[in-house]
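To keep things clear, I will list the structure first and then write my remarks on it.
Each chain gets a letter, A, B and so on, in the order its sequence line appears, and its residues count up from 1. Atoms considered below: every heavy atom in the structure, side chains included; atoms not considered: hydrogens, waters and symmetry mates.
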Number of protein chains: 2
Amino acid sequence: MADVKHFDPDRVLGLAELVFWRRGAGSTGIQDVLTATGLSRSSLYNTFGGKEDLYELVMRRYLDQRSRPMFARLAADRRGLPAISSFFSRLIGVRCSGEFAGWGCLVSNAHLEDSPVGAKVVLDEHQAALSIVLHAALKVADDKHQLRPGLDLAATAEHLTLLAYAINLRSRAGVQAEPLQAAVRAALAPLVV
Amino acid sequence: MADVKHFDPDRVLGLAELVFWRRGAGSTGIQDVLTATGLSRSSLYNTFGGKEDLYELVMRRYLDQRSRPMFARLAADRRGLPAISSFFSRLIGVRCSGEFAGWGCLVSNAHLEDSPVGAKVVLDEHQAALSIVLHAALKVADDKHQLRPGLDLAATAEHLTLLAYAINLRSRAGVQAEPLQAAVRAALAPLVV
DNA sequence: TTTATCTTGGACTGGTCGTTCCAAGATAGG
DNA sequence: CCTATCTTGGAACGACCAGTCCAAGATAAA
């Protein structure tokens with residue numbers, strides 16, 4: 001009856017994600033997305049709607065396919081404090097070296113855009129998800145008596161969540177990994193018993 | 001011999017600073033600056049050069065007239081840990097309430113813009129200035145035996161500098177002051193002896 | 001093969017961007 | 001006053017923006 005799409009929408013979403021991630025939504029034109037994906041205007045607008053809809057889809061995709069797997073890996077690591085330490089090491093590795101060095105985190109970056117409402121929701125989901133996972137990991141550490149007694153675990157989770165955001169932010173300035181690693185060590189060391 | 005300017009350039013720079021600060025450089029058009037200041041295109045270009053030059057001037061003004069006074073106040077406060085605690089309280093106050101609530105910090109925000117090179121330099125100056133002042137305050141606290149022994153003061157200063165950046169970032173998402181205050185308490189409490 | 005329906009390429013729209021340009025206005029030394 | 005020189009208002013420029021539209025192409029059921 002009808003024609004069928006000549007492209008894979010999810011692949012296109014992945015390519016659009018890279019463009020928004022590296023250059024930011026505000027500085028990215030629809031033309032940039034078309035160039036990166038090879039689509040024509042018609043196909044893009046027909047499939048994803050306008051730029052704001054596309055950005056919102058990309059944000060959600062990033063949260064689901066980039067952030068949540070990182071959080072899940074931390075959640076699955078039952079070692080307590082070493083699990084948290086490993087999480088930050090991996091985070092700094094991704095932010096300061098390899099394919100995405102200096103790109104920061106798409107969700108952190110979105111704090112500076114005047115994003116649509118749907119995208120703003122993702123910011124709080126992201127923060128809540130990371131905070132919850134860190135809280136759980138701290139609880140494991142506490143149960144293993146790795147932590148000094150009397151710590152406010154919820155507030156400490158918030159503190160470490162903020163630290164992750166700062167790493168995302170500063171990595172965009174091209175900061176080296178080692179100073180960030182040292183800062184994380186300085187944040188975690190005083191927590192031990 | 002010649003005509004004289006019909007406006008005060010520094011006042012104009014201050015008004016431009018507010019526009020760039022609230023909305024970001026990328027989302028701010030020259031027309032927005034003209035509207036905010038009442039200048040005509042000719043006067044603005046004739047006095048400050050193009051948009052990038054103006055943004056760079058505004059960045060430096062912000063660092064000198066907004067950030068450095070905050071840092072100087074911390075440096076002048078010789079109480080040690082209470083000085084650091086007060087610094088963060090004031091920071092959170094500015095970021096979450098009053099005239100500039102939800103605006104973040106112009107320099108932090110600049111991490112997400114594709115800024116000119118001259119503006120990028122300000123980022124590192126800002127980071128270095130805050131880190132140095134925090135290091136000095138930690139040294140005072142250590143000399144007063146307020147800190148547990150064996151802390152890496154330089155790395156801890158880096159850690160607290162990152163915390164400040166995270167507060168700046170998250171405040172743009174409209175975060176409440178209290179969770180941030182709790183996070184700061186959780187970051188500082190484990191440092192005490 | 002015909003036909004109904006979705007997809008696609010790309011021209012086009014109205015608006016905004018940063019910037020340039022020039023004539024008119026303002027100023028202060030002579 | 002006169003005049004040289006800077007400032008100012010505002011028109012104009014080409015480039016780009018997000019988004020629309022339609023004819024041509026592709027597809028699969030009948």
Side-chain angles (χ1 to χ4, degrees), chain A residues 1-59 109-110 112-120, chain B residues 1-59 109-110 112-120:
Chain A
M1 249 188 166
D3 197 357
V4 87
K5 281 192 201 310
H6 299 183
F7 62 93
D8 173 10
D10 189 65
R11 192 180 99 82
V12 165
L13 225 46
L15 291 169
E17 177 189 50
L18 295 181
V19 182
F20 281 128
W21 186 5
R22 186 179 18 161
R23 305 229 308 250
S27 309
T28 298
I30 288 292
Q31 184 58 55
D32 297 318
V33 179
L34 300 181
T35 302
T37 60
L39 259 62
S40 75
R41 278 183 159 67
S42 305
S43 303
L44 187 139
Y45 277 93
N46 185 35
T47 307
F48 304 106
K51 186 184 178 182
E52 291 200 341
D53 308 271
L54 179 61
Y55 183 52
E56 200 171 321
L57 286 169
V58 163
M59 286 272 289
N109 299 353
L112 280 303
E113 315 265 1
D114 22 357
S115 318
V117 206
K120 294 252 176 209
Chain B
M1 252 192 169
D3 197 357
V4 86
K5 281 192 202 309
H6 299 184
F7 62 93
D8 173 11
D10 189 65
R11 182 176 164 279
V12 165
L13 226 46
L15 292 168
E17 177 189 50
L18 296 180
V19 182
F20 281 128
W21 186 5
R22 187 179 14 159
R23 304 230 307 250
S27 309
T28 298
I30 289 291
Q31 183 57 56
D32 297 319
V33 179
L34 300 181
T35 302
T37 59
L39 258 64
S40 77
R41 280 181 157 67
S42 305
S43 304
L44 187 137
Y45 277 92
N46 185 34
T47 308
F48 303 106
K51 186 186 178 182
E52 291 200 341
D53 308 89
L54 179 61
Y55 183 53
E56 200 171 321
L57 286 169
V58 162
M59 286 271 288
N109 298 353
L112 281 302
E113 314 264 2
D114 23 358
S115 318
V117 205
K120 293 253 177 210

**Asked** Side chains of B:L13 and B:F48: does their closest heavy-atom pair fall under 4.5 Å?
**Response** yes
**Complete:** Winner on side-chain proximity to B:I30, out of D:dT7, D:dA18, C:dG18, is C:dG18
**Beyond-backbone contact of A:T37 with A:F7, side-chain heavy atoms, under 4.5 angstrom** = no
**Prompt:** 5'-most contact on DNA chain C: B:H6 or B:R41, nearest heavy atom basis?
**Reply:** B:R41
**Asked** When the distance from CG of B:D32 to C1' of C:dG18 is rounded to whole Å, what number comes out?
**Response** 12 Å
**Prompt:** Less than 4.5 Å apart, any side-chain heavy atom of B:Y45 and any of B:I30?
**Reply:** yes
**B:A2, nearest nucleotide to its side chain (from D:dT5, C:dT8, C:dA26)** = D:dT5
**Message:** Can you measure A:F7 atom CZ to C:dC6 atom P for me and round it to whole angstrom units?
**Reply:** 15 Å
**Request:** Evaluate whether atom CD of B:Q31 has more than 12 neighbouring non-hydrogen atoms of other residues, nucleotides or ligands under 6.0 angstrom away.
**Result:** yes
**Prompt:** To the nearest Å, how far apart are A:K5 NZ and C:dG9 C1'?
**Reply:** 15 Å
**Request:** Return the value, rounded to whole Å, for the distance between atom CG of B:L44 and atom C1' of C:dC21.
**Result:** 16 Å
**Request:** Take the protein atom CG of B:D3 and the nucleotide atom C1' of C:dT27, then report the distance between them rounded to whole Å.
**Result:** 5 Å
**Prompt:** Which is true for B:S27 with a 4.0 Å heavy-atom rule: it touches a base, it touches only sugar-phosphate, or it touches nothing?
**Reply:** nothing
**Request:** Scan A:S42 against the nucleic acid and name what it touches under 4.0 Å (heavy atoms): base, sugar-phosphate only, or nothing.
**Result:** base
**Prompt:** Looking at B:S40, does any N or O in its side chain come under 4.0 Å of the phosphate oxygens OP1/OP2 on D:dG9?
**Reply:** yes
**Asked** Rounded to the nearest Å, what distance is computed from the CD atom of residue A:Q31 to the P atom of nucleotide D:dA18?
**Response** 9 Å
**Message:** Closest approach to the side chain of B:Y45, judged atom by atom: which nucleotide of C:dT19, C:dG10, C:dT7 is it?
**Reply:** C:dT19
**Request:** Let me know the distance between NZ of B:K51 and P of C:dT20, rounded to the nearest Å.
**Result:** 15 Å
**Smallest separation among heavy atoms of A:Y55 and A:A110, with atom names** = OH-CB, 3.4 Å
**Message:** Output the rounded distance in Å from CG (B:N46) to P (C:dT19).
**Reply:** 14 Å
